[in-house]
Each structure stands twice: as C-alpha cells, then as structure tokens.
Amino acid sequence: MPKVLVSDPIDQVGIDILSQVAQVDVKTDLSPDDLIHIIPDYDALMIRSGTRVTQAVIAAGNQLKIIGRAGVGVDNVDVLAATRKGIVVVNSPEGNTIAAAEHTLAMMMAMSRYIPAANQAVKSNKWDRKHFTGVEVYKKTLGIVGLGKIGAHVATVARAMGMKLLAYDPFISHERAEQLGCRIVEMDVLLQQADYITLHIPKTAETTHLINAAAIARMKPTARIINCARGGIIDEAALAEALKEGKIAGAALDVYEQEPLGESPLRSLGKEMVMTPHLGASTEEAQVNVAIDVAEQIRDVLLGLPARSAVNIPGLRPDLLEQLRPYLQLAETLGNLVAQLAGGRVESLTVRLQGELATNQSQPIVVAALKGLLSHALQERVNYVNASLEAKERGIRVIETRDASIKDYSGSLHLSAKGSLGEHSVTGALLGDSEIRITSVDEFPVNVPPNRYMLFTLHRDMPGIIGKIGSLLGSFNVNIASMQVGRKIVRGDAVMVLSIDDPLPERILEEILKVPGIRDAYTVTL
Ligand SMILES: NC(=O)C1=CN([C@@H]2O[C@H](COP(=O)(O)OP(=O)(O)OC[C@H]3O[C@@H](n4cnc5c(N)ncnc54)[C@H](O)[C@@H]3O)[C@@H](O)[C@H]2O)C=CC1
Ligand SMILES: O=C(O)CCC(=O)C(=O)O
C-alpha cells in the first residue's frame, strides 16, 4: 500500500479520502531535518503553508510521486525541483477563494471601526467610546491590486457595500473589470485616489515590495491598506514607519515577510494596525474544500489517474502526453514569448498549427500556448486544466487555425497576440525530437533557440547598427551569448534577436531606443 505523509493540519475529510488507497501518517510540527529524514518512505506528501518543501526535501523523496498543497499559493514548494524530479505538484486554486475574500473584507471593517483595539479595551475593563470613532466604507474608493479570483469576490461585495472600485491588474481586460464594476487604472492613480487599498496578487520578483516607502508617499494620509495575499508585497519597515508618522491612517495584515512573525516594529503600533496570523483560508468550509480537492487528486495520482489541478504538468492522458510533450513545451515557450512582445493586456491570441503539426489534436497545444501566455501574470497558478478558463475570464479571444500547406520543418506553430504593445507574432518549430527553435518574429525569418534572457529589436537594416547595440550592451556590462538578424529585403526593416547571459537592466531599453534606426525594442524573460 502506498504511504502518504500529512505534515500540516488538514481536515479529517481529506485523511478519510486518502485512507481509501494509502496508509496515512499525520505528523505535524516536523523540523526540516525530521522531514528530510522520513520523506524517503513516502509516495505522497500533503501540506498547507506550514511545511517548506525545499530542494533538499525533494532530493530525499525518492519515492515521492505527488505533493499536494491544500490551498492556492505553492510558494512553500520548490516546484522547479519537483518538476525536474517528475513529481506532480497539485493545489486547490479555488477552495479557499471565498474564505480569503471574506477575511479581507473583515479586516477592512475591523480596521475602519478599530474593533480589535476596542474589544481589547472592554476586556481590560475600560469603557472608552471617544477613542474608537471609526470611518465608514460607504462611498469610499477601494483600490484592488490583482483582480483574479479573490480580488473579484472582494469587488463584488465591496460594490454592494456602496464602495467605488478601482483596479490595477495589467493582465485583466477592461471588459472583465467593467463586469465587476471596477475601473482599470494605473498603479500610480490607484495609490493616489484610493481610500482603501487591498492586495490580491502573487508574490513575484515584480510584486516584492510593490508597496514601499515611495508607493506609500503617493497615498492619501487617510488611506488604509490591507494585505491578505502574501508577505513581502509590502515593505514592512516602510509601513511601520509610515503608520508611526501618520503618513497613512491604517493597515491590516494577514501575511508577513517572515512567518511566523518574529521581532517586528509592527507589533508596537496602536489601534491603526490590525494583524492576524495568516488566517485568510482558515474557515471550516475552506478547509473542507481544499482537503477534499487535494486529497482526491493525491488518491487519483496514486491510482495512476491524471490530476485535475496540477501546477507543473498537463492533466492529459499519459500516452497522449508523452507524444505531445515536445510540442506542448514549444507552445508554452512561444506563448510566453508572444505575451511579452504584445505587452500585458492581451486581447486575442491566434494559434496556427502548420504543416505536419496541423494533423495533430490541437486543443492541448492551444491550452499549452495559453498557459505560456498567462504564465507571466499568473505564475504557477495557471495550469493545463485552468488555462482556457483563466483566458476566458480575462476576456482573451482565442482563434485556432490550421494550414497544412506550410512545409517548413516537420510542422511548426505560429502564434499571434494583440496586446497593449500592439500585435506581434512568433513562429517556432522542433529541431530533431525536442529542440525548440524560434523561426520567425513578427514575420521576419530567424532561427534561434529560446534563452532565459532575450532582447528583440525592430530596426532599419543599415550599416553599423549591430555594432552600436553591441557596444551599448557592453557599456552596461551585459554579455551577449548569441545574436541574429532576420530581414526580408536588404536595407529594409529587420529584427535583431539577442540571447543575453544575465537580466537586462531596466533603463537599457531607453538607451537602445535612442540608437538611430531602432524602432522598437523588447526585453523578454523565458
Ligand atoms: N491569506 C491567505 O490565507 C490566502 C492568500 N492567498 C493569496 O492571495 C493571492 C491571490 O489569490 P487568487 O485571487 O486566488 O489568485 P489569482 O491567480 O486568481 O489572481 C491573481 C491576480 O493577480 C494579477 N497579477 C499578477 N501579477 C500582477 C501584478 N504585478 N500587478 C497587478 N496584478 C497582478 C493576475 O493577473 C491575477 O488576476 C495569492 O497570492 C494567494 O497565494 C490565497 C488564499 C488564501
Ligand atoms: O493553508 C493556509 O492556511 C494558507 C492559505 C494560503 O495562503 C493560500 O492558499 O495561498
């Protein structure tokens, strides 16, 4: 019988499901060393946010087939290490949406009426009414950063409470925002106009310290901020300082840069600071939802069936998956690339299967392209199962075409996306069985393998321009791994594709665009 380790508190309903097919050991409060020591015995691991599944845990888990996260965020799992080792990682993308949204709304109200401090005062035998005069949320402006599942539910309820709604989410269509009664604005406008700001975004390199001293300085002195998403999106030191100096009126936090929260200047703040210990998902209902959702997937995978909400592999039939795997990887890479060329707010994606590929089942390839397209915005939350739904909810129109008459390579894939930076297209093919090649960019022929860091330019084909770009990158200490130019006619328009060894400094684009002959330039991270 397979063995499942449950290393965080999980609702009994999940344990019951797992017990149908496995021996289940519940061992919470394991130290990292204890976990590494016992993990070699287990086929599956079920966790919440308390257990850190590091590379070392994964390396030790020689029998591990699946890691189930009873919740949304998988930032406590080294997904890359698991993927490399062929371990499926599953989560519950929707099981705690309502719980987290309701916690956010509860935090907003508690902060507005000083409920935690007033409660504490009454319990300490004080009857102080003057000190706790609060503010109403009615007719106030709520700025929602991240209009995904939780942000959308917060919007729906806040609208019913008479709040005006602004949203910042570069990956959501204006149409979807309108349906929710939100006006999409730039982050700076949201910071300046909102009375309340609530964060519902993943923690990524881009969102880390999104709310820092500079952002806080843009906010109204009466503004209040809520973070029930992830610790580290707010710079806690800057927030504590701002609250102490009265630069903003309040904050409510459920998540922290370090959990459990250690020594922190936030602890000594007064009634304006409301804190909970990562309770967003802690409702009876959500815990039942996520336990069922994840336990069922672990059971299925242990029985050799696909998982419905895998974070790191497609939920397809294994034989089909094996056959399509290189093309899925191609589609995902091209989707990710074209999304970055087209800019954040993609309105439409056209997927064209060409040559021999046109005879294949197209749906998984389209899904893989969408997964790549959305991966920049949604990170590991987008998977092969939810990619189409996520695209639909974002108002992205998907057009699927085939052209068997195009005979380049042994089949190729052409993606074209329309976004905030206009319409852009890429083509790719497989060299041999699985080596990916980008074979055109904006219809200019090239032949380059994808690279983690890339730079694309559209320019006028003229003497000296390549040298100028090379020298410019050199002056920024940027090392070029390879460079290729694609053109249709001599001295006409052309594209340059550079593979770079390190991330490009942000201001380099401005400098590149100043080079005579350069029309456009894009940095891409794959
Ligand atoms: N406190 C708690 O216990 C819980 C916290 N969470 C956290 O809440 C957050 C939101 O979860 P969901 O709504 O389920 O996720 P979601 O994936 O449905 O929505 C996230 C949204 O953020 C947007 N986004 C991504 N990068 C952005 C950026 N740089 N700027 C603005 N918007 C950006 C995406 O387009 C997407 O619409 C996650 O961080 C999740 O881990 C979720 C459940 C419970
Ligand atoms: O398991 C928990 O209580 C945390 C939930 C959470 O943060 C998430 O689902 O992302």
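The figures that follow rest on heavy atoms only: side chains count, while hydrogens, waters and symmetry mates do not. Start at 1 and go down the list; that is how both ligands and their atoms are numbered. For this chain, numbers begin at 1 and follow the sequence in order.
With a 4.0 Å heavy-atom cut-off, ligand 1 is reached by the side chain of A100 but not by its N, CA, C or O. Within the 4.0 Å heavy-atom criterion, the part of H278 lying near ligand 1 is the side chain and not the backbone. At a heavy-atom cutoff of 4.0 Å, ligand 1 is contacted by the side chain of L378 but not by its backbone. Contact annotation for I150 and ligand 1: heavy atoms of both the backbone and the side chain come within less than 4.0 Å of the ligand. For E206, every heavy-atom contact with ligand 1 shorter than 4.0 Å involves the side chain, none the backbone. At a heavy-atom cutoff of 4.0 Å, ligand 1 is contacted by no atom of E94, backbone or side chain.
Close approach of ligand 2 to G71 is summarised as follows: ligand atoms under 4.0 Å from at least one heavy atom of the residue are 9 (O). Residue P170 approaches ligand 1 through these ligand atoms, each under 4.0 Å from one of its heavy atoms: 30 (N), 31 (C), 32 (N). Taking every heavy atom of P202 and a limit of under 4.0 angstrom, the matching atoms of ligand 1 come to 22 (O), 25 (C), 39 (O). Of all atoms in ligand 1, numbered sequentially from 1 with element shown, those under 4.0 Å from a heavy atom of R230 are 5 (C), 39 (O), 41 (O). Close approach of ligand 1 to A281 is summarised as follows: ligand atoms under 4.0 Å from at least one heavy atom of the residue are 3 (O). Of all atoms in ligand 1, listed by their number and element, those nearer than 4.0 Å to a heavy atom of R394 are 34 (C), 35 (O), 36 (C), 37 (O). Of all atoms in ligand 2, listed by their number and element, those nearer than 4.0 Å to a heavy atom of G73 are 8 (C), 9 (O), 10 (O). If you number the atoms of ligand 1 from 1 as listed, the ones under 4.0 Å from a heavy atom of H200 come out as 10 (C), 20 (C), 21 (C), 22 (O). Close approach of ligand 1 to G73 is summarised as follows: ligand atoms under 4.0 Å from at least one heavy atom of the residue are 41 (O). Listed by number with element, the atoms of ligand 1 under 4.0 angstrom from any heavy atom of C228 are 1 (N), 2 (C), 4 (C), 5 (C).
Considering backbone and side-chain N/O of K149, one or more are found under 3.5 Å from N/O of ligand 1. Between T207 and ligand 1, a contact under 3.5 Å exists for no N or O pair. Where the criterion is an N or O separation shorter than 3.5 Å, residue side chain and backbone included, A281 fails it with respect to ligand 2. For ligand 1, one of its N or O atoms has an N or O atom of I201 under 3.5 Å away. By the 3.5 Å distance cut-off applied to N or O atoms, R230 is counted among the residues near ligand 2. Polar contact check, D75 against ligand 1: no nitrogen or oxygen pair lies under 3.5 Å apart. Between K203 and ligand 1, not a single N/O pair is under 3.5 Å apart. For a threshold of 3.5 Å applied to N or O pairs, the pair formed by V72 and ligand 1 contains no separation below that value. Considering both main-chain and side-chain atoms, N96 comes within under 3.5 Å of ligand 2 through a nitrogen or oxygen pair.
Salt-bridge annotation for E390 and K149: present, with a side-chain N of the basic residue lying under 4.0 Å from a carboxylate O of the acidic one. At a threshold of 4.0 Å, the pair R230-D75 counts as salt-bridged, since one of the basic side-chain nitrogens sits closer than that to a carboxylate oxygen.
No heavy atom of M187 sits closer than 4.0 Å to any atom of ligand 1. Residue contacts with ligand 2 include S49, since one of its heavy atoms falls under 4.0 Å from the ligand. Residue contact annotation: L147 has a non-hydrogen atom under 4.0 Å from ligand 1.
In this structure, R267 contributes its side chain and G262 its backbone to a donor-acceptor pair below 3.5 Å. Looking at Q340, its side chain does come within 3.5 Å of a backbone N or O of T525 through a donor-acceptor pair. Between the side chain of S309 and the main chain of S92, no donor-acceptor pair closer than 3.5 Å is present. N76 places a side-chain N or O within 3.5 Å of a backbone atom of T51 that can act as its donor or acceptor partner. A side-chain donor-acceptor contact under 3.5 Å links R69 to the backbone of G73.
Comparing R48, H278, E259 by heavy-atom distance to atom 4 (C) of ligand 2, the nearest is H278.
Residues meeting the salt bridge (Lys or Arg N to Asp or Glu O under 4.0 Å) test with D195, sequence neighbours left out: K220.
No side-chain donor from either of H153 and T97 sits under 3.5 Å from a side-chain acceptor of the other. H209 and E257 share a side-chain donor-acceptor pair at under 3.5 Å.
By the neighbour-count criterion of 12 heavy atoms within 6.0 Å, atom NZ of K140 is densely surrounded, having more than that number from other residues, nucleotides or ligands.
Residue, atom and distance of the protein heavy atom nearest to atom 9 (O) of ligand 2 are V72 N, 2.5 Å. Nearest non-hydrogen protein atom to atom 6 (C) of ligand 2 is R69 NH2, 3.2 Å.
The shortest non-hydrogen separation linking H200 to A229 is CA-CB, 4.1 Å. Closest non-hydrogen pair, C182 versus A155, comes out as SG-CB, 4.0 Å. The two atoms that bring N336 and H376 nearest to each other are OD1-CB, 4.5 Å, heavy atoms only.
Looking at T54 and D78, their side chains never come closer than 4.5 Å, going by heavy atoms from C-beta outward.
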### Message
With side-chain hydrogen bond (donor to acceptor under 3.5 Å, both in side chains) as the criterion, how do N289 and E285 come out once you've worked through the C-alpha distance, each side chain's angles and the decisive distance to 0.1 Å?
### Response
CA-CA 6 Å; N289 292 343; E285 295 84 347; over 6 Å; no
### Task
Under the side-chain hydrogen bond (donor to acceptor under 3.5 Å, both in side chains) rule, what do E347 and S173 come out as? Steps first, then yes or no, please.
CA-CA 7 Å; E347 291 164 29; S173 68; over 6 Å; no
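Put simply, the residue from Q179, H174, E178 that forms a side chain to side chain donor-acceptor pair (under 3.5 Å) with R176 is Q179.
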